[in-house]
Structures are given as C-alpha cells and as structure tokens.
Amino acid sequence: MATDSWALAVDEQEAAAESLSNLHLKEEKIKPDANGAVVKTSANAEKTDEEEKEDRAAQSLLNKLIRSNLVDNTNQVEVLQRDPNSPLYSVKSFEELRLKPQLLQGVYAMGFNRPSKIQENALPLMLAEPPQNLIAQSQSGTGKTAAFVLAMLSQVEPANKYPQCLCLSPTYELALQTGKVIEQMGKFYPALKLAYAVRGNKLERGQKLSEQIVIGTPGTVLDWCSKLKFIDPKKIKVFVLDEADVMIATQGHQDQSIRIQRMLPRNCQMLLFSATFEDSVWKFAQKVVPDPNVIKLKREEETLDTIKQYYVLCSSRDEKFQALCNLYGAITIAQAMIFCHTRKTASWLAAELSKEGHQVALLSGEMMVEQRAAVIERFREGKEKVLVTTNVCARGIDVEQVSVVINFDLPVDKDGNPDNETYLHRIGRTGRFGKRGLAVNMVDSKHSMNILNRIQEHFNKKIERLDTDDLDEIEKIAN
DNA sequence: AAAAAAT
C-alpha cells in the first residue's frame, strides 16, 4: 500500500549510489541508527570552496536518494539530511537540546516529558546552527505543532520588538489553536508577545507590529507584509507552514503562501509540516524549499488501525439523514464531528437535526469570525457534543473528546475524484494520540460508493458495512 | 467545493 512516491528505477539508484561513493561520502557516514534514522557521523568543520562544491553535488545526489529505496523504508522514521558534514542525531530528552531555561520550563508546564518520535528527529535538525530548512511528514496527533513551536521559540529574541517568526495556518480556527500552543509554551518569556494575523483583526494604519511572533492565515498575513506594512518580512528568521501540503497546493493557498515566502530573506529558515503530502505536492515542496532536510514518519496504516471505519448504504440525502438520526444516540456518548461537502449542506443538516430535537453546533466559513471563535470554543469545552461542519475543520483541529467522525458527504476534489488526503485528515480528528476512534461514511449513490471503494483501495483498509436499522450493531460500535 | 483579504 502506502504509495511510494520516492521510488526510482533500480539502475538509477545504483548510479546514484556509485557517484555518491566517488564523492567520498563513505558508507559509514550514512547508516540507520536504532530508530531507523539515517545518521551521519562526520564532524562539522570549516569548508573550502572545493568541499563546498562537493557538498552541493553530494546534496543533489542525496536528494535523489531520498526518492530511492536506498534509505531504509522499513523503519518508522526516515531522515534525510541536507548537509553531509553536520552531525545528525536524535534526542531522547528535551534536556539534550540545551534549550533556554524559560523554554524548557514551558515545555514541561505543558506536560511534555519526553520528545515524541517526530520531535526526537526534527528538533536537533531545526535547532542546528546555522538554521536549516525542513520538510516533515508525520501523521495526525504525533506532536508536529509542539515541534515547530519549539523551533520558533528557541530562535526568537524577545528583546527585539518586531516580528521574527511567522507561522501560516490554512484556517482561522487552526491559527487560534496553534496560537494557544505558542502562548502556553512561551509563557515563561516575560517580554514575548504573539500577534494573530487573522480576519477581523484590524490594526491602525501606519502601525508597526512589536510582537515577536506572528501566527495567521495567508490573506491577512500577505496584507500585513505588503500593502499595510505592519510586518517587515525581511526581518523574519523562521517561517513555518502548518498543513504545508494544502498551503502550497494549486487548489489550496499556493498563491498567497508563495508570495509571502518570496518576501522573506534568503537565509530565513523554512519549516513545512503536514500529515499528508500527495505526490505532486511533495515534489513541489522540494522545489520551493531550498536545500531541504526531510523527515518522514511512515506508517499511516497505524493511524488507520486505531480508527474503525464503517459505511452506511443509503439511496438519497434524506435517507442519509434518517440513518444519521438512528446513529445519534451512539455518537453522542463522547463528541462527534459531521463533515459535509458544502456550506449549504452543513447549514441544512444542522437545521434538520435541530428540528429533530438534537442539539448541534454549526461551523463553516460563511459565518462571522466572532461566531466561529465562539462555536469552536464551546465545542472545545464540551458544551457542544456534535459539530456539523465543512472541510474548514478537516485539518489540525484537536479536540480530545472527539471519538466519532461522520462523513455525511465523502471528501472529493473539484473534479469529483476521491480526496484521500482530506479523508485521512478528517478521520484523524479522532483517534488522537493513540486513542481509539470511529469513522462512519454515508454513501447515497453508485457514484459515492465508487468513491468509497477507491478510498478503501488507496489505504488498503477494509471499510465495513454498518446497518443503522440494526440497533444491536449500533450498540456494538458505540462501545 | 472550501478556504483564504482591510480587495
């Protein structure tokens, strides 16, 4: 299964391997450690011009190798380092990173005792001197946010009263959530301030931001950097793209993200994180990020193993609604998210459920930001058990009590093809941090059954039929 | 189709 985007033809691999050894990159320098991370053991040294040239050549070869099977694919983590001359290692504790005491204090205050798998490998790379670029893929709920927040906080200079770190999120809600993590982890820096560059956050013209870190959505950030000049992009040291694949995808936020990126200084550190990178987006990511280090935590199967997936066979939207009502008792044991394809369907569904006497909350992009903030807050607090929403909440939203995800409409792209990435992100709202989760897909036509089958094939994971008229069966899934 | 701007 797991589409192997990095596969190269065998002879190409061998050719690459040969020229690599010609460049005196001895094999001992690249060997997997106990975690499967590729470790290079040579020490850091001053480089001559020739060595620089050699480095560059070796690097382009390494980029090729990344895509080949020479890198151990059987282990959990794949790391590929850009600079063969700097040591690469993974850390087993936060102390080893020699963080500023205020930052270490913040990390522990958040209840993190030791680094997660992705953090073990990503942190030493991100904190290296000089700063290095990174593209990291790691499934939902594995600690990506904490990883890049820590990277920003370790680079920030609170004494300098201007933005130095910039993080982009695809939605308003995710920007708020990530901002909270930044605030919590950075709360022991007395002078540190965070600005939210999101819709509705209006500033006085001509003002300059004094906040050292900015979290925001692409449109507002672009405005603040260019037209309104609240931010001097040339002073940004760390640039983070959260949910990076959607931020650079053509159908995503590509235009704005790339325009922002172009305004940044050449030596700005770029960090791209996501749970998914579809093949073409992956290639594009490597093009837009100069000299990237790459970390890939495989095993999306594992995520899927903790989430039980079902489908319900219906023949119309009204039947889907009936089936959903039958399920209602089971899904409200904890919290649930119901995904629709359009804002219109979402608001229709929320209204219909209300008419049936069910309390539900609605969240979509057509609502006012104040309202959106209030709804997500109530959902987080558990005051709302069921959230009817669109893809606005498909990614990143982390509410621990969510144990059920319902795809009232299956995720499809603009051409009507299955959107596997969005599917994985949506069901990844549950089963967070290894907890068990449940996903129910509503099918209402031959067409949507076909979509479901293709999703099933893509993940090579059986999606079982669920009969919503059979109360025993509903009982079973609820437990 | 949804999201994303003080347009």
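Throughout, protein chains are lettered first and strands after them, A, B, ... in sequence-line order, and every chain is numbered starting at 1.
- Counting heavy atoms from C-beta on, the side chains of A:Glu377 and A:Leu176 never come closer than 4.5 Å.
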**Asked** Do A:Lys355 and A:Glu352 pass the salt bridge (charged side-chain N to carboxylate O under 4.0 Å, His left out) test, and can you show the C-alpha distance, the side-chain angles, and the key distance before you say yes or no?
**Response** CA-CA 5 Å; A:Lys355 276 188 214 158; A:Glu352 289 298 309; 2.9 Å; yes

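- Put simply, CG on A:Asp415 is 15 Å from P on B:dA2, counting in whole angstrom units.
- Set against B:dA4, B:dA6, B:dA3, the side chain of A:Thr217 has B:dA4 as its closest nucleotide.
- Between the CG atom of A:Asp245 and the P atom of B:dA4 there is a distance of 16 Å, given to the nearest Å.
- Between the side chains of A:Asn441 and A:Asn407, at least one donor N or O sits under 3.5 Å from an acceptor N or O.
- For the pair A:Gln254 CD and B:dA2 C1', the interatomic distance rounds to 17 Å; values are reported in whole Å.
- A:Asp245 and A:Arg395 are joined by a salt bridge, as a carboxylate oxygen and a charged side-chain nitrogen come within less than 4.0 angstrom of each other.
- Remark: P of B:dA4 and CZ of A:Arg199 are 5 Å apart, rounded to the nearest angstrom.
- The side chain of A:Arg205 contributes no N or O atom lying less than 4.0 Å from OP1 or OP2 of B:dA6.
- Ranking B:dA6, B:dA1, B:dA4 by closeness to the A:Arg372 side chain, first place goes to B:dA4.
- Of the residues in residues 164-176 of chain A, those placing a heavy atom less than 4.0 Å from an atom of DNA chain B are A:Pro170, A:Thr171, A:Tyr172, in numerical order.
- We find that NZ of A:Lys414 is positioned 14 Å from P of B:dA2, with the value rounded to whole Å.
- Heavy atoms of A:Leu228 sit under 4.0 angstrom from at least one base atom.
- Taking side-chain N and O atoms only, A:Arg395 has no distance below 4.0 Å to OP1 or OP2 of B:dA4.
- When rounded to the nearest whole Å, the span between CZ of A:Phe339 and P of B:dA3 equals 12 Å.
- Exactly one residue among A:His341, A:Arg317, A:Lys320 makes a side-chain hydrogen bond (donor to acceptor under 3.5 Å, both in side chains) with A:Asp409. That residue is A:Lys320.
- Taking every side-chain heavy atom of A:Lys227 into account, B:dT7 is the closest of B:dA2, B:dT7, B:dA3.
- Atom CG of A:Leu363 is separated from atom CZ of A:Arg378 by 13.0 Å, given to the nearest 0.5 angstrom.
- Distance, A:Glu366 CD to B:dA4 P: 12 Å, rounded to whole Å.
- Side-chain contact check for A:Gln207 versus A:Leu228: every heavy-atom pair is 4.5 Å or farther apart.
- Listed nucleotides: B:dA6, B:dA3, B:dA1. Nearest to the side chain of A:Thr390: B:dA3.
- Straight-line distance from the NZ atom of A:Lys202 to the P atom of B:dA6: 5 Å, rounded to whole Å.
- Using a 4.0 Å heavy-atom distance criterion, A:Gly200 is classed as a sugar-phosphate-only contact.
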